[in-house]
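Presented below is the structure to which this report refers.
Because only heavy atoms are used, hydrogens play no part in the values below, and waters and symmetry mates are left out as well, while side chains stay in.
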Protein chains: 2
Amino acid sequence: MKNIEIDEELYQHIVSNTQAIGENASSILRRLLKLDSSVQQSAPLNKNEIEATEQASLVEKSAADDTEIDIVEKFTSSGESVFNFINKEELAMQRGAVGRFLLILAALYRAHPRQFKVVTEICGRDRLYFAHTEAELEASGSSTKPKQIPESPFWVMTNSNTTRKKMMLTKAATSLGYTQADVEKIRELL
Amino acid sequence: MKNIEIDEELYQHIVSNTQAIGENASSILRRLLKLDSSVQQSAPLNKNEIEATEQASLVEKSAADDTEIDIVEKFTSSGESVFNFINKEELAMQRGAVGRFLLILAALYRAHPRQFKVVTEICGRDRLYFAHTEAELEASGSSTKPKQIPESPFWVMTNSNTTRKKMMLTKAATSLGYTQADVEKIRELL
DNA sequence: GATATGATCGTAGGGATACTTT
DNA sequence: ACAAAGTATCCCTACGATCATA
């Protein structure tokens, strides 16, 4: 993802062409510029079709990268990489970074429920970032805004800027054994 | 100045259209979007809007006050009711009533794109509740908080309590020809 | 300084409720 | 004066950039 700076008026023009809740700038601009979008969002695909498509492209991409064959095979054979638990549309629908953050973490947990506890070691100078209880996080700082990772017994600290949330994701994915390339992909989901 | 986040590929597309050393993003985008560099033009109609407009005028000409028969025929022949466009999980995921409200309206629009314009007649004492543009709603009151109904050319007024939002849904569903029982089901989705 | 981390506080959305109009 | 209907203010919560601190 890249950030560009544009003037107020142009910004309003883009915003006024939003066609879906939570639609991002890229999607709007691609429509306005009549560029192909990688994901066709208006097509009435059902869930199975979407999943099939996403998995296909995932395998394709990973298979092309021969330095990481071992890990790729492990993930794809067990079917347990985060990418199998990520729903792009659900992500896109989130109002802010916190929603996406939690969704990505939930996917990581679902893919690695047993190893997930290693993320517990990721923390700041004083503050804990991940824990099993809300209270632990609250006790480690002020206004940590703990949130439960959906469908998991873990909690995360949420009071940080987006940069730090990305860093947290990066560390978590790395701890769980993802390759540099996949870590990057995960980070960019936020 | 505003910052927007766009994907890598789109960024490259924009960069590759630079026409002067040091040209900024706004300037490039304005050229690509064919926007005047001094005065904001009104947003060009998108495909949906154009289609809706054409369809609307057709309906107007052919069936001015026989809307109901039209609808009944549509139900029985095509079997396209809102319930085919409602995704319960998506609904449940919404943070507040506004999100659900918009999703339900979007489903109603998808099920009845041609007849949907009848909802335009639903309004309060001064405020318009539904319209084709944000500006119309804004002009009809203060802080009306207009929101676009996703994937549709319609906008709704959003600054009301939940009770009124339910009422709006009830009226909309009724106008579109749903039975008392189905109207009730739709209302309760919110 | 320079860097890393913390957490305050400005901003925006949501919608109940107090207020206004009929 | 009272009620009903409708409006929009304003309080609350969430988010996360930015400034404070180590």
Side-chain angles (χ1 to χ4, degrees), chain A residues 1 3 5 8 11-12 15 18 21-25 91 93-105 121-131 134 136-150 155-171 187 189-190, chain B residues 1-5 91 93-105 121-131 134 136-150 155-172 187 190:
Chain A
M1 290 301 211
N3 278 293
E5 197 185 43
E8 201 59 53
Y11 180 80
Q12 281 310 322
V15 168
T18 302
I21 289 179
E23 184 173 26
N24 63 34
L91 267 187
M93 190 183 325
Q94 295 307 307
R95 183 185 314 285
V98 171
R100 289 190 298 277
F101 186 55
L102 293 174
L103 243 30
I104 297 166
L105 289 170
E121 287 157 24
I122 302 165
C123 61
R125 189 181 56 237
D126 326 319
R127 294 193 293 186
L128 296 178
Y129 290 168
F130 295 89
E134 177 177 19
E136 276 179 89
L137 296 180
E138 250 165 11
S140 74
S142 90
S143 304
T144 52
K145 306 286 177 64
K147 290 262 196 310
Q148 186 163 26
I149 298 174
W155 291 70
V156 220
M157 193 275 296
T158 266
N159 178 220
S160 74
N161 56 28
T162 303
T163 310
R164 184 158 305 269
K165 288 192 191 84
K166 282 189 170 169
M167 191 214 73
M168 288 165 71
L169 275 185
T170 299
K171 290 202 180 173
R187 172 201 191 82
L189 291 171
L190 197 131
Chain B
M1 289 302 209
K2 287 273 186 183
N3 278 294
I4 63 174
E5 198 185 40
L91 268 187
M93 188 185 326
Q94 295 306 308
R95 187 190 309 286
V98 172
R100 289 191 297 278
F101 187 53
L102 292 174
L103 244 30
I104 297 166
L105 289 170
E121 288 157 23
I122 301 167
C123 61
R125 187 181 59 236
D126 324 321
R127 295 193 293 184
L128 295 179
Y129 290 168
F130 295 89
E134 177 176 19
E136 278 178 87
L137 295 180
E138 251 164 11
S140 73
S142 91
S143 303
T144 52
K145 307 285 178 66
K147 291 263 194 313
Q148 187 166 25
I149 298 174
W155 292 71
V156 220
M157 192 275 297
T158 264
N159 179 222
S160 73
N161 56 29
T162 303
T163 311
R164 184 158 304 268
K165 290 192 191 85
K166 282 188 171 172
M167 191 215 74
M168 287 164 72
L169 275 185
T170 299
K171 288 203 181 170
R187 172 201 191 84
L190 197 131

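Using a 4.0 Å heavy-atom distance criterion, B:Y129 is classed as a sugar-phosphate-only contact. At a threshold of 4.0 angstrom between heavy atoms, the contacts of B:S143 include nucleobase atoms, whether or not backbone atoms are also involved.
Of the two residues near DNA chain C, B:T163 and B:R125, the one whose nearest nucleotide lies more 5' is B:T163.
Contact annotation: B:K147 reaches the phosphate of C:dG14 (side-chain N/O to OP1 or OP2, under 4.0 Å). The phosphate of C:dA7 has neither OP1 nor OP2 within less than 4.0 Å of any side-chain N or O from A:S160. Between A:T144 and C:dA7 there is no side-chain polar atom (N or O) within less than 4.0 angstrom of OP1 or OP2. Using a 4.0 Å cut-off, some side-chain N or O of A:S142 falls inside it from OP1 or OP2 of C:dT8. Listed pair B:R95 / D:dC15 meets the phosphate criterion, a side-chain N or O lying under 4.0 Å from OP1 or OP2. For D:dT7, the OP1/OP2 oxygens have a side-chain nitrogen or oxygen of B:R127 closer than 4.0 Å.
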message: What does the 5'-to-3' dot-bracket notation of DNA chain C look like when only Watson-Crick and G-U wobble pairs under 3.5 Å count, and pairs to other strands show as |?
response: ..||||||||||||||||||||
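Residue A:F101 holds its CZ atom at 7.5 Å from CD1 of A:I149, rounded to the nearest 0.5 Å.
Side-chain contact between B:F130 and B:M168 is present, with at least one heavy-atom pair separated by less than 4.5 Å.
Checking each of B:K171, B:R164, B:E121, B:K165 against B:Y129 for a side chain to side chain donor-acceptor pair (under 3.5 Å) leaves exactly one that passes, namely B:R164.
For A:D126 against C:dT5, no side-chain N or O and base N or O form a donor-acceptor pair under 3.5 Å.
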